[in-house]
Amino acid sequence: MIYDEYVTQIEGHGRIWFDIKDGKVDVRLEIHEGSRLFESFLRGRRADEVPQMSSRICGVCPVPHNLAAIQALENAMGIEASEQVKMLRRLMIASQMVHSHALHLYVLAAADYLGVNGISDVYAKYPEAVKRCVRIRTVGNKGVEVIGGRAVHPANSVPGGFAKLPTRIEMEKLAKDFKGIMNDCIETFNLFASLKYPEFERATEYLAIDDGKHFPSYAGRLVTNKGLNVEAKEYRNYIKEIFKPYSNTKFCILNGHGFHVGAIARINLFKNRLNPVAKDLLKSSPVKFPSDNPFHNNLAQAIEMVHYTEEAIQIAEELAVKLKDEERPKQTKASTGVGVVEAPRGTLIHEYTVDKDGIVRGANLIIPTGMNTTNIEEDLYAILTANIKKPREELKKLAELLFRAYDPCLSCSTH
Amino acid sequence: MGKRIKKENLKRLFDDISKEYKVIAPVKRGEDYVLEEVKDFSEVALDYPTTILPAKKFILPYKEPIFALDGGEFKELIPDEKIAFFALHMCDANAIGRLDLVFWNDPYYQARREKMLIVGISCKPIETCFCKSTGANVLTNACDLFLKADGENYIGFSMTEKGRKFLSQLYFGPETVDVREVKIDYDEKMHLDIYTIGRRILEDYNNPVWEQTAKRCLACTNCTLVCPLCYCFDVIDETFIVPNEGQRVRCWDSCLLLSFARVAGGHNFRKDLKARYRNIYTHKFKTFVDEFGVPSCVGCGRCITFCPADIDMRETLSKLGGA
Amino acid sequence: MENIYKPFKSKILKVTEQTCDTKVFRIEVKDFEYSPGQFVELSIPGIGEAPISITSSPHEKGYIDLCVRRVGTVTNALHRMNAGDYVWIRGPYGVGFPFETIKGKDIVYVAGGIGMAPLRSSLNYVLHHKKDFGKITVLYGARTPADLLYKEEFDKWAKECNFLVTVDSDKLPDGKPSGWKGNIGVVTTLFAKLNYSIKDAIGIVCGPPVMYKFVIQEFRKAGMPDSSIYLSLERHMKCGVGKCQHCQINNRYVCLDGPVFNYADAKQLPESI
Amino acid sequence: MKPKVAIFDLTDCEGCEVQIVNSKFIDRILGGVEFVNFRLGQRVNRWDDFDVAFVEGAVITSEELELVKKIREHSKLVIALGSCACFGGIASINNFLDINEGKKYVYGENADKIEFLYIKPLPEIIKVDFMIRGCPIATEDFERVVSDLFAGRIPKEHTRPVCMDCKSKGNPCQLLKGVACAGPVAYGGCGAPCPTAGMPCDGCRGPLEDPQTTAELELLKKIASKDDIVRLFRKFAPMAPIFKDIGGGKL
Ligand SMILES: Cc1cc2nc3c(=O)[nH]c(=O)nc-3n(C[C@H](O)[C@H](O)[C@H](O)COP(=O)(O)OP(=O)(O)OC[C@H]3O[C@@H](n4cnc5c(N)ncnc54)[C@H](O)[C@@H]3O)c2cc1C
Ligand code: SF4
Ligand code: SF4
Ligand code: SF4
């Protein structure tokens, strides 16, 4: 049964098929995750229920899906969210980043680097590390829960704002909680900075969003290290999806080739906008960014955990004094809108068309892992070619390690 | 005999109480009012229609651990809280007085009750109120202290030693007011002869009103949960993954639930919603009256205000009255 | 304040298997006064609590017997326990059979299934004080011969009173014939076998909810007034002390006013049977 | 001997597994069981016999159909994890739509290459011993079932509507504000996060035993359009009994 061949410790079902013939590598990233056809069944739904539904695309990173949908719907319906609402959204993203990165680093990636079988063994051998992960994730979850009403699949964020706002006291408490995990995040960075990553490099194009001010988070233009700098709503002109018969996920290309989104892309592009502690850590890091080694994505995630924790503290502290009740703006037009946010795994694009009754009539979603697929295949080809002499088992392990470093999310990418 | 309290002195009273107690008071949340812990007097809503949940939320919490199951032994978890309710309406205070009758020997209830302070306040009856019918519109010593509105100001009545203490802390001059009886008086939308109706429930057991109302009832249990006097409970043992660590909890139940009267083998003594719905009334207006002499209803009107299906207990009762 | 919900720890002295789903647990108690028909709340920490009738008779000292059928959480967990293990008990609760009123009278017991458990307590008490009572009759029905409780006492009972047994079916639970030679039919069919008048006797009934109506009909046919009939009722029950409301039947509580009710009273109470 | 546990995911968002990881008792769980097959958590996975197998997600492909049958053969207890497994989940909205049109909308000319089975709830495919409902499951619910199994209690069904969770939190009622809420007929135990967050309950945990469907629909019709009622019940548990009919348009 194919089930047993799926790459373990990643979200969703995919396998790496490869063959070496006459010194040439043939490799395919086969994604077998079932298609749930979100884009299709979201048509006909009310705009205010769509964000909750689209968050169901992914249980690991529901917040970005929720918020990308809201941003797109707001753009389509002519709703301008308040500054306060945007701050809360950035706080949600920061919280999501923190717990998703902790999940990937400790629960999915750590076992490989520590040379054990899985999370149970990590716990048996390094209980402290698992407890640290639990502490970090608890606070990350708390952040989403306080604002969104529930840790997995936020319940109350809707176009225009929130069905119910958190209280100042909750914000104060949240800031304190995030401060409480600062050390754990730094420890995580130290742990991941001490690991030995496979040596491999391949130059590629890195993409993230830019709002002109913040380290990538909620909304912005699409920018790359190769000079792309366009409005998000123009994404279709640059990013193309292609169907490959062996995969339910569509593969993305940017101007005809693979590109990379995610923690490493964000750090490569915007390391100057990191918060102070994260910036200092980066300076002390044995690995220098920008880096073209995809394995360094794990370290980039560890740095981001520190950065987003700092960000969460800042926003929560500010809102603890100035949070106030406000009216939610209403729909003013019917059109098509695009929303972009940074998910833990990279830039996420949602696009919806809404009619005058507030019913969604069209949807298109481009998911970070989907954007990375072509790049992953290209990297797999390169790394297998570079190590072609090694035994098959070792190649398989290396390929999976590389795949996992991307922190892929296949249920997302297929949706 | 009451003592005059200037409006601005209310804050002092609140602060005095806050020094000794965890103060629970009505506050506005969105369009609704709720009872919550309050630290700052300015948050207290002195003039409010009714809160969603009554004081029961704090006296008989939704889920209360009663024993810790520690390595296979039962360890009592007696609560140690000093709660003061500030600005409860007369009906809600009297509801606690009626709960006292049931839980006189319940160690968890009593642990809270003995240390509790209840400060009542005048209300403006709303459309759904019928405390006069239930006899809960009269000041009793369920209140330690009652604040009767007097124009802009208040007249304070202390009913217990605890109440007297706070009133005397506040009181400066000899200005007393000669009021002998404190009760809430208003024109009830529908006056009900509760005791006669209560007797009729068993006499006229198959009155069509049960069937008719049950058809509209959602069995959502909202009415029983918001009622200050519904106190049915369930007891559950929980463990925390490992079997030898856990707790026995008591949590709210509702006689409207299908599972309420089901026994082993699946036999259910109140299988029809009609029977379950009727049971609320039987207990409130017959059983409880037989046991304690008063109905287990103070006419606070919550079950009417918060029923999503728009069912009005007064209408049901009046149909039973047989006029 | 004494905690009315706090059970005390008691040792299981002996476990005897009665049928495939019923066992008798002998539980050590000291200074425990009760009368037949009363029940205890039995706890297993971390599992839960259940009301169980005392099946032994007050003249047996130092222990109580609980006859328990395995039906759910607590009862299943109890069935996994052995002599030497501990359970927790509080009680006794409820009011038992009114022997003062019954004294000197004939008694007809009608038991169905697990209903034998509380009746046995009363029966053995009565047989122990035989001179205080008149003629004793026991009508006992179970689903199959394998479901009969207290078979080891049948001989004794047969000697000391008029003891009649019937089964619904002579097939074993697995469908095979059991070799049963006795009566077949529901418990009410036994009334026809009584060749003496029970008009002036006291009727005592305990069994599954469906049974009561039919037994009462038989008693009435025999001319017994309703006030001579006593029923032991079962209800969902949580606290045992009249607070939780689960066992409330209109204006009565099974835990405080029962579980034994006089039928003249109970029939005024809708939903009682 | 630690119980042998397997966790499988089919097509879904894996949010329920995340809710497991979110448990404050995760260390006790990791220390208390042996994961024999847990693709998300470890490299080496075996097909020993499992004491308990948790199955998350919906059966959308024929490979998954084959997989769940194999899981059943290997497991003493099968527990359906989350509303995708229990009731088809959000993806089974497709059951009510033209699937070919849907595939074409998403995959264009390659639509035929995508497999999409009519989604049946897991209990309609294999025998399921318990269901842990919810989209996502409530972490406390998972802890409760695992605690029950460890302690030797029989996991109990909740017999309470979501309204009870909702009122326990002291929330104002959505229905009274004129918002269509499935709370009165929905299986409770979730802690009512949705009404607590100011949103109506979408009934993600399926119907309560003995729901007062007629009364609920009568009420909903007064405050919501027919389309809105259909949408409410055709959301996270579309294939649950009763909801299936309402979501299918039988009002
Ligand atoms: C006064 C009194 C005396 C009693 N004496 C005895 C006695 O001597 N011996 C004895 O064996 N029993 C006796 N009982 C009955 C006994 O108390 C119950 O059978 C016991 O509470 C079962 O507890 P449990 O935890 O094992 O079962 P539970 O787990 O509580 O379940 C018990 C039964 O309830 C039913 N049930 C629960 N949930 C549902 C549901 N969702 N749907 C349908 N049915 C459901 C089932 O049939 C289940 O088997 C007595 C009861 C009373 C009130
Ligand atoms: S029955 Fe209704 S009116 Fe009476 S006390 Fe309860 S909620 Fe208030
Ligand atoms: S909001 Fe929904 S769940 Fe809450 S009480 Fe109202 S109907 Fe019930
Ligand atoms: S409130 Fe309703 S939709 Fe929300 S989690 Fe509970 S059952 Fe699901």
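What you see is a predicted model, and the numbers here were worked out from it, not measured in a lab. Residue numbering restarts at 1 for every chain, and letters A, B, ... go by the order of the sequence lines. These values consider heavy atoms only, across backbone and side chains, with no hydrogens, waters or symmetry-generated copies.
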For this session: Under 4.5 Å, counting heavy-atom pairs only, tell me which of A/His99, A/His415, A/Met53, A/Glu241 racks up the most with chain D.
Result: A/Met53
Exercise. Picking from D/Pro136, D/Cys16, D/Gly198, D/Ala91, which has the most non-hydrogen pairs under 4.5 angstrom with chain A?
Worked result: D/Pro136
Exercise. So do the side chains of A/Ser411 and A/Arg36 get within less than 4.5 Å of each other, counting heavy atoms only?
Worked result: yes
For this session: Assess A/Arg56 against D/Phe236: is NZ or CZ under 6.0 Å from the centre of the six-membered ring, and within 45 degrees of the ring's axis?
Result: yes
Exercise. Under 4.5 Å between any side-chain heavy atoms of A/Thr249 and A/Lys244, yes or no?
Worked result: no
Exercise. Under the ring-ring contact (aromatic ring centres under 6.0 Å, His included) criterion, do D/Phe8 and A/Tyr3 qualify, and how do the steps go?
Worked result: CA-CA 10 Å; D/Phe8 292 94; A/Tyr3 185 84; 5.7 Å; yes
For this session: Under 4.5 Å, counting heavy-atom pairs only, tell me which of D/Thr61, D/Asn37, D/Asn110, D/Ile26 racks up the most with chain A.
Result: D/Asn110
Problem set entry | Residue among A/Pro62, A/Ala163, A/Ala111, A/Ala151 with most heavy-atom pairs under 4.5 Å to chain D | A/Ala163
For this session: Could you look at A/Val158 and say if it's the side chain, the backbone, both or neither that has a heavy atom under 4.5 Å from chain D?
Result: side chain
Exercise. For A/Glu400, is it the side chain, the backbone, both or neither that has a heavy atom under 4.5 Å from a heavy atom of chain D?
Worked result: side chain
Problem set entry | Interface moiety of D/Ile90 toward chain A, non-hydrogen atoms closer than 4.5 Å | both
Problem set entry | Contact class of A/Arg46 relative to chain D, heavy atoms under 4.5 angstrom | both
Problem set entry | Contact class of D/Thr196 relative to chain A, heavy atoms under 4.5 angstrom | both
Exercise. Going by an N to O cut-off under 4.0 Å, is there a salt bridge joining D/Glu14 and D/Arg39?
Worked result: yes
Problem set entry | Part of D/Cys84 within contact of chain A (heavy atom distance under 4.5 Å) | neither
Exercise. Which one, A/Ser157, A/Gly44, A/Cys133, leads in non-hydrogen pairs under 4.5 Å with chain D?
Worked result: A/Gly44
Exercise. Can you find a pair of side-chain heavy atoms, one from D/Val5 and one from D/Val36, that are under 4.5 Å apart?
Worked result: no
For this session: Tell me, for A/Ile10 versus chain D, whether the close heavy atoms (under 4.5 Å) come from the side chain, the backbone, both or neither.
Result: both
For this session: Would you mind reporting whether A/Pro51 and A/Pro159 have side-chain heavy atoms less than 4.5 Å apart?
Result: yes
Exercise. Which atoms of A/Thr138 come close to chain D, meaning under 4.5 Å heavy atom to heavy atom: side chain ones, backbone ones, both, or neither?
Worked result: neither
Seminar exercise, completed: If you tally heavy-atom pairs under 4.5 Å between each of A/Val60, A/Val152, A/Ile119 and chain D, the highest tally belongs to A/Val152
For this session: To the nearest 0.5 Å, tell me how far D/Ile20 CD1 sits from D/Phe54 CZ.
Result: 6.5 Å
Problem set entry | Derivation of the side chain to side chain contact (heavy atoms under 4.5 Å, CB included) call for D/Arg234 and D/Lys244 | CA-CA 7 Å; D/Arg234 190 197 284 179; D/Lys244 190 162 83 178; over 6 Å; no
Problem set entry | Short N-O contact, D/Asp202 and D/Lys235, less than 4.0 angstrom | yes
Exercise. Looking at A/Phe243, is A/Lys250 sitting on its ring face, NZ or CZ under 6.0 Å from the six-membered ring centre and within 45 degrees of the normal?
Worked result: no
Exercise. Hey, are the side chains of A/Tyr126 and A/Lys131 touching, using non-hydrogen atoms and a 4.5 Å cut-off?
Worked result: no
For this session: Select one option (side chain, backbone, both, neither) describing which atoms of A/Leu103 are under 4.5 Å from chain D's heavy atoms.
Result: side chain
Exercise. What are the residues of residues 92-107 of chain D, in order of number, with any heavy atom under 4.5 angstrom from a heavy atom of chain A?
Worked result: D/Ile93, D/Asn94, D/Leu97, D/Ile99, D/Glu101, D/Gly102, D/Lys103, D/Tyr105, D/Val106, D/Tyr107
Exercise. So do A/His65 and A/Ile367 actually touch side chain to side chain, heavy atoms under 4.5 Å?
Worked result: yes
Exercise. Which bit of A/Asn141 is near chain D, if near means a heavy-atom gap under 4.5 Å: side chain, backbone, both or neither?
Worked result: side chain
For this session: Heavy-atom distances under 4.5 Å only: say whether A/Asp48 touches chain D with side chain, backbone, both or neither.
Result: backbone
Exercise. With respect to chain D, which residue among A/Val107, A/Leu108, A/Val122, A/Asn248 yields the maximal number of heavy-atom pairs within a distance under 4.5 Å?
Worked result: A/Asn248
For this session: Select, from D/Asn45, D/Ile60, D/Asn22, D/Ile114, the one with the greatest count of heavy-atom pairs under 4.5 Å involving chain A.
Result: D/Asn22
Problem set entry | Region of D/Leu10 that comes under 4.5 Å of a non-hydrogen atom in chain A | backbone
Exercise. When only pairs under 4.5 Å are counted, which of A/Glu39, A/Arg45, A/Arg137 shares the most heavy-atom pairs with chain D?
Worked result: A/Arg45
Exercise. Side chain, backbone, both or neither: which part of A/Leu42 has a non-hydrogen atom closer than 4.5 Å to chain D?
Worked result: neither
For this session: Could you look at A/Ser55 and say if it's the side chain, the backbone, both or neither that has a heavy atom under 4.5 Å from chain D?
Result: neither
Problem set entry | A/Ser100 and A/Arg345 side chains, donor-acceptor separation under 3.5 Å | yes
Exercise. Is there a donor-acceptor contact under 3.5 Å linking the side chains of D/Gln42 and A/Thr8?
Worked result: no
Exercise. So, do A/Ile16 and A/Lys396 sit near enough that their side-chain heavy atoms are less than 4.5 Å apart?
Worked result: no
For this session: Name the region of A/Val134, side chain, backbone, both or neither, that has any atom closer than 4.5 Å to a heavy atom of chain D.
Result: side chain
For this session: Below 4.5 Å from any heavy atom of chain D, which atoms of A/Val130 appear? Answer side chain, backbone, both or neither.
Result: side chain
Exercise. Do NZ/NE/NH1/NH2 and the carboxylate oxygens of A/Glu145 and A/Arg150 come within less than 4.0 Å?
Worked result: no
Problem set entry | ring-ring contact (aromatic ring centres under 6.0 Å, His included): pairs with one or both residues in residues 31-50 of chain A, sequence neighbours excluded | A/Tyr6-A/His32, A/Phe38-A/Phe41
